[in-house]
Amino acid sequence: MFSVPLILVFSSLVALLTYCYAKYARLYALAGRFGGPPALPIIGNALTFLNIEAHEFVSRCLEMGEKYGKTYRLWLGPQLNIIVHDPHDVEVLLSSNKLAVKADQYRYMKCWMHDGLLLSHGRKYQQRRKLVSPTFHYKMLDNFLSCFQEHSLELVQQMRGLCMEGSPFELRHFLGLCMLDTICDTAMGVQLQTQRNADSEYVKALNSLMAILHLRMYDMKYYFDFIFRCTAKAKEAERALAIINSYAEKVILQRRKELTHAPEQAQLETQGPSVGLKRKQTLLDILLNSTVDGKSLSNVDIREEVHTFMFAGHDTLSSALMFFFYCICRNPEWQQKCYEEICSVFGIEIGAVAMSREHLDRLYYVDLCIKEALRMYPPVALIGRKVLEETKINDHLIPAGTNIGFSPYVFGRQSEVFAEPNAFKPERFETVACENNSKLNPYIFTSFSAGPRSCVGQKYAILQMKVSIVNILLSFDLTFVGDATYELKLSNELTMRTKDPLMFTIRARDKKV
Ligand code: HEM
């Protein structure tokens, strides 16, 4: 009576329905154990994030935290997202090797960084992390110090011009160009010189791409690929990517040629006053000289790591420095303490004492202020992982396929983690948040993340921040222009920003301490 094909179709349908039921019944059953805002069928809580501005994303997340507590769920379409802010849960999340795959929300960055260190996982990730780690070895960092110094002196030069004008300016813009010049120099060995010429095609492409990626993360209009592809933004992103890729490709090819054809000559400087001296090694050199399973890395392999470092290593730092200066301007006694400490280590004239790690390590108050500013305003405000198989995190059973994450910003503002969390109190890092009263507990201070996927560039970042701070504070007294009592409207873009630009004025130091 029934034909064989009909029986086959019918049984496949039954098998599919049984599979979906088993999968989703479990997912919904486990999701039901978490509190969270009421969700609509199919779209879940997506309306909460429709047509909002970037700064509203932060305020919505804070409101939900207040309403639903430390652990809650959000449905973005059929995708389950669980947010955890209990210190025990955050520690398990960050320390687990099983939870090392990045959440779905990172996928927008794939078009740029592909499977570079930030986004990859598994064996490829392990190999790459091992490969790039020497870039952050102390010897390499010592090498980079002259680079940090050179570009931050240029920054001071640019700021001197503003000082003459006397009008308020957006500090972040100048910090951003300086950090870009520095990362380009240390990652690729290229002098981009955006501080002198911000109109470079590469920089414009970089900024345009970052703005679009950010838009895709929070604006539901651009969330789904099939809709995004039909928009003008998709064409703009494509154009920007073409420029960025071709620039990196040109640099990689050129350096590969130099290292292959004249390896001895390639180790020497060919430009500037240091012609003939040994050239500093860069991330690119390390990658070009590396092998994985006996094979050299291809240009595409290298490009994804260079892109990763260009992204991870400049916008984070400009955000961190901007908030550092904001914090010490709002707390001038700390600006004074930092300035006096810098003078005691480096003298009152820029360049009087050469930059060395040993000197920078002596900047105790500066270090405390950096940590406190990073706690209050972490540049990376959301960290997320994908749960590949059902996993227990303390008392919570997390279903397979869930995105789970937390915000270092929300985490660092919890009073049971940091007393008086909204007050700028750098001295808290003398005692709290430390293991054995000496070493900072990374699972409490999460601005660089912690565990197996923590920031590989942390030491680089702290050193570069210190060099910039030394040069800026030795040259200028900074004032924040704006209502100091006004609570900042934060905007979680690719890195943390503010809704309105933070404006500063500067006064040249009269060199008397
Ligand atoms: C103040 C500055 C910085 C902050 C606050 C910061 C913060 C972070 C955080 C929170 C993560 C984890 C992201 C995640 O799991 O989604 C991370 C990862 C990473 N950071 Fe940083 N970062 C900074 C500077 C840098 C610099 C200067 C570099 C490179 C020169 C860098 C390179 C990376 C890379 C490659 C990763 C991925 C590491 C991995 O997955 O193994 N970062 N950073």
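Start at 1 and go down the list; that is how both ligands and their atoms are numbered.
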Would you say Arg129 has any N or O atom under 3.5 Å from an N or O of ligand 1, going by distance alone?
yes
Cation-aromatic face contact Arg375/Phe418, 6.0 Å, 45 degrees:
yes
Taking the six-membered ring of Tyr365 as reference, does the cationic atom of Lys337 (NZ for Lys, CZ for Arg) lie under 6.0 Å from its centre and within 45° of its axis?
yes
heavy-atom search around atom 41 (O) of ligand 1 in the protein gives Tyr125 OH, 2.4 Å
Give the residue and atom name of whichever protein heavy atom lies nearest to atom 36 (C) of ligand 1, and the separation in Å to one decimal.
Leu118 CD1, 4.0 Å
Considering non-hydrogen atoms of the protein only, which is the closest contact for atom 33 (C) of ligand 1, and what is the distance?
Ala312 CB, 3.6 Å
Inspect the surroundings of NZ in Lys110 and state if more than 12 heavy atoms from other residues, nucleotides or ligands are less than 6.0 Å away.
yes
Please report the closest heavy-atom contact between Leu317 and Gln464, naming both atoms and the distance.
CD1-OE1, 3.4 Å
Checking a contact table here: which protein heavy atom is nearest atom 6 (C) of ligand 1, and how many Å away?
Phe448 CD2, 3.7 Å
Measure Lys102 to ligand 1 on non-hydrogen atoms and call it side chain, backbone, both or neither using the 4.0 Å cut-off.
side chain
Quiz item: cation-pi between Arg497 and Tyr377, 6.0 Å / 45°:
no
If we number the atoms of ligand 1 from 1 as shown, the ones under 4.0 Å from a heavy atom of Ala320 are 1 (C)
In ligand 1, the atoms that come under 4.0 Å of a heavy atom of Ser449 are 10 (C), 12 (C)
For Leu317, the atoms of ligand 1 under 4.0 Å from one of its heavy atoms are 27 (C)
For Ile183, the ligand 1 atoms whose distance to one of its heavy atoms is below 4.0 Å:
30 (C)
Can Leu283 be said to touch ligand 1, with heavy atoms closer than 4.0 Å?
no
Show, in sequence, the C-alpha distance, side-chain angles and deciding distance for Lys124 and Glu304, and conclude whether the salt bridge (charged side-chain N to carboxylate O under 4.0 Å, His left out) test is met.
CA-CA 12 Å; Lys124 178 165 181 178; Glu304 56 193 22; 2.8 Å; yes
Tell me which part of Arg385 gets within contact of ligand 1: side chain, backbone, both or neither, using heavy atoms under 4.0 Å.
side chain
Tell me which part of Leu117 gets within contact of ligand 1: side chain, backbone, both or neither, using heavy atoms under 4.0 Å.
both
salt_bridge(Arg128, Asp115) N-O dist < 4.0 Å:
no
So does Glu154 pair up with Arg196, basic N to acidic O under 4.0 Å?
yes
Flag the pair Lys70 and Asp89 as a salt bridge only when some basic side-chain nitrogen lies within less than 4.0 angstrom of an acidic carboxylate oxygen.
no
Check each atom of ligand 1 against the heavy atoms of Tyr460 and keep those under 4.0 Å away; list them by number with element.
27 (C)
What protein heavy atom lies closest to atom 21 (Fe) of ligand 1? Include the residue and the distance to one decimal.
Cys455 SG, 2.3 Å
As a check for students: among Gly451, Ser454, Ser447, identify the option with a heavy atom nearest to atom 7 (C) of ligand 1.
Ser447
Taking only heavy atoms of Tyr106, which atoms of ligand 1 are found under 4.0 Å from at least one of them?
14 (C), 16 (O)
On a heavy-atom basis, which atom in Met503 and which in Phe480 lie closest, and how many Å separate them?
O-CD1, 3.4 Å
Six-ring centre of Phe424, Arg330 cation under 6.0 angstrom, axis tolerance 45°:
no
Within the 4.0 Å heavy-atom cut-off, what Gln458 brings close to ligand 1 is neither
Are side-chain N/O atoms of Asp181 and Gln193 paired as donor and acceptor at under 3.5 Å?
no
Logged contact type for Pro379 with ligand 1, heavy-atom cut-off 4.0 Å, is side chain
Numbered in order shown, the ligand 1 atoms found under 4.0 Å of a heavy atom of Phe309 are 29 (C), 30 (C), 35 (C)
Of all heavy-atom pairs linking Leu494 and Phe311, the shortest is CD1-CE1, 3.8 Å
Counting heavy atoms only, which part of Phe144 comes closer than 4.0 Å to ligand 1: side chain, backbone, both or neither?
neither
